Structures are given as C-alpha cells and as structure tokens.
Amino acid sequence: MAHTVRRDPPLSEASRPGLLRTDGRAHPLQDALLAATLVLGGIAIISSLFDGLHLLSSWTGLLGILTGAYGQFVSVTTRERFGLILGLGASAVGFYIGMAHGGLFGGVLG
C-alpha cells in the first residue's frame with residue numbers, strides 16, 4: 001500500500017483543478033467556435049423578441065446550433081463546453097421562437 005503514502009507534487013496555477021480551468025494550451029479553433037456560438041446565440045435570442053425579425057433570429061439560431069454542435073464535438077476543456085452549452089441554449093431558444101414567428105423563409109418564398 002505504498003501508493004497511500006506517496007504525495008503528489010504541488011500543482012501549478014494553470015493545472016489546478018477547477019470548474020473553468022484550462023489545460024494551459026491554446027485552442028484557437030475551439031475558442032473561435034465558442035465565440036461564434038455565443039455571439040450567434042445572443043443575436044438569435046435578442047432578435048427573437050421582435051416579431052418582424054424572425055428571419056434574423058431563425059437563421060442566426062440555426063447557425064448557432066450548428067457551430068455549437070461542432071464546437072461540442074471538438075471541445076477539449078470544461079470552459080469551452082460550458083460556454084458552448086450557454087450559446088447552444090440561446091441559439092435554440094432564438095431559433096424556435098423565430099420559427100414560431102414565421103420561420104426561415106416566412107413571407108419571402110411564396
């Protein structure tokens with residue numbers, strides 16, 4: 001039972017466990033997807049408050065859902081996944097409200 005006596009070396013600040021700690025490496029693709037998902041989700045949810053902006057809210061919501069889903073697929077850290085879930089939720093709400101107000105092509109095609 002030697003493993004119970006052995007002590008781990010002290011952790012550096014970047015590698016300490018925590019909810020939103022990163023692994024200390026750069027993830028430019030994941031960070032770009034995170035930012036895009038949050039921006040698209042914000043636009044989708046704000047524009048869904050107005051009936052006349054259903055085209056904007058439904059399209060930005062759909063794009064936010066797609067970028068967030070791919071971001072979840074390639075994400076590495078909990079920080080990225082946390083932000084992506086927030087952006088995905090906002091995108092989905094904006095998308096669904098935009099669909100309820102007229103949809104992706106409402107009034108344009110037909």
Side-chain angles (χ1 to χ4, degrees):
M1 302 245 293
H3 65 280
T4 59
V5 179
R6 187 176 58 209
R7 302 188 106 191
D8 292 330
L11 299 172
S12 66
E13 182 65 31
S15 64
R16 285 195 179 133
L19 179 63
L20 298 178
R21 299 286 182 188
T22 65
D23 59 355
R25 298 183 190 140
H27 303 118
L29 172 67
Q30 290 85 353
D31 291 340
L33 289 170
L34 170 62
T37 303
L38 287 172
V39 167
L40 288 169
I43 292 171
I45 199 137
I46 290 171
S47 63
S48 70
L49 299 174
F50 305 99
D51 289 342
L53 296 178
H54 62 86
L55 290 174
L56 179 65
S57 63
S58 58
W59 279 107
T60 56
L62 180 62
L63 289 175
I65 291 169
L66 294 175
T67 58
Y70 184 68
Q72 283 287 341
F73 182 69
V74 297
S75 65
V76 178
T77 63
T78 304
R79 178 186 64 88
E80 294 162 358
R81 292 182 189 115
F82 182 78
L84 284 167
I85 289 297
L86 291 177
L88 269 167
S91 295
V93 168
F95 173 71
Y96 292 133
I97 293 174
M99 292 299 287
H101 287 168
L104 295 169
F105 303 107
V108 176
L109 294 178

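Just so you know, these numbers come straight off a predicted model, no measurement behind them. We're numbering straight along the sequence, starting at 1.
- By the rule that hydrophobic residues join a cluster once side-chain heavy atoms approach within less than 4.5 Å of another member, Leu66 and Val39 end up as members of separate clusters.
- One N or O on the side chain of Gln72 and one on the backbone of Arg81 form a donor-acceptor pair closer than 3.5 Å.
- In this structure, the side chains of Phe95 and Ile45 stay at 4.5 Å or more apart for every pair of heavy atoms.
- Rounding to the nearest 0.5 Å places CZ of Arg79 at 9.5 Å from CG of Leu84.
- Cluster membership for Val93 and Ile46, using ILVMFWY side-chain heavy atoms within less than 4.5 angstrom, is shared.
- Here Ile43 contributes atom CD1 and Ser48 contributes atom OG; the two are 12.0 Å apart, rounded to the nearest 0.5 Å.
- Using a distance-only test at 3.5 Å, with no hydrogens or angles considered, a donor-acceptor pair links the side chain of Glu80 to the main chain of Thr77.
- Judged by distance alone, with hydrogens and angles left aside, the side-chain atoms of Ser91 form no donor-acceptor pair with the main-chain N or O of Leu88 at under 3.5 Å.
- Using a 4.5 Å heavy-atom threshold, the side chains of Thr67 and Leu40 count as touching.
- Criterion: ILVMFWY side-chain heavy atoms under 4.5 Å apart, direct or through other members. Under it, Met99 and Ile65 are part of a common hydrophobic cluster.
- Remark: the backbone N or O of Val74 is paired with a side-chain donor or acceptor of Gln30 at under 3.5 angstrom.
- Of all heavy-atom pairs between Ala90 and Gly41, the closest is CB-O, 3.6 Å.
- A donor-acceptor pair under 3.5 Å is formed between the side chain of His54 and the backbone N or O of Gly103.
- To the nearest 0.5 Å, the span separating NE2 on His101 from CG on Leu49 amounts to 9.0 Å.
- To the nearest 0.5 Å, atoms OG1 (Thr78) and CD1 (Ile85) are separated by 11.5 Å.
- Here the closest non-hydrogen pair linking Ser58 and Gly98 is CB-C, 4.1 Å.
- Here the straight-line distance linking atom CG of Leu34 with atom CG of Leu38 works out to 5.0 Å at 0.5 Å rounding.
- We find the CG-CD1 distance between Asp51 and Ile97 to be 10.5 Å, quoted to the nearest 0.5 Å.
- What you find for Leu104 and Trp59 is that their closest heavy atoms are O-NE1, 3.0 Å.
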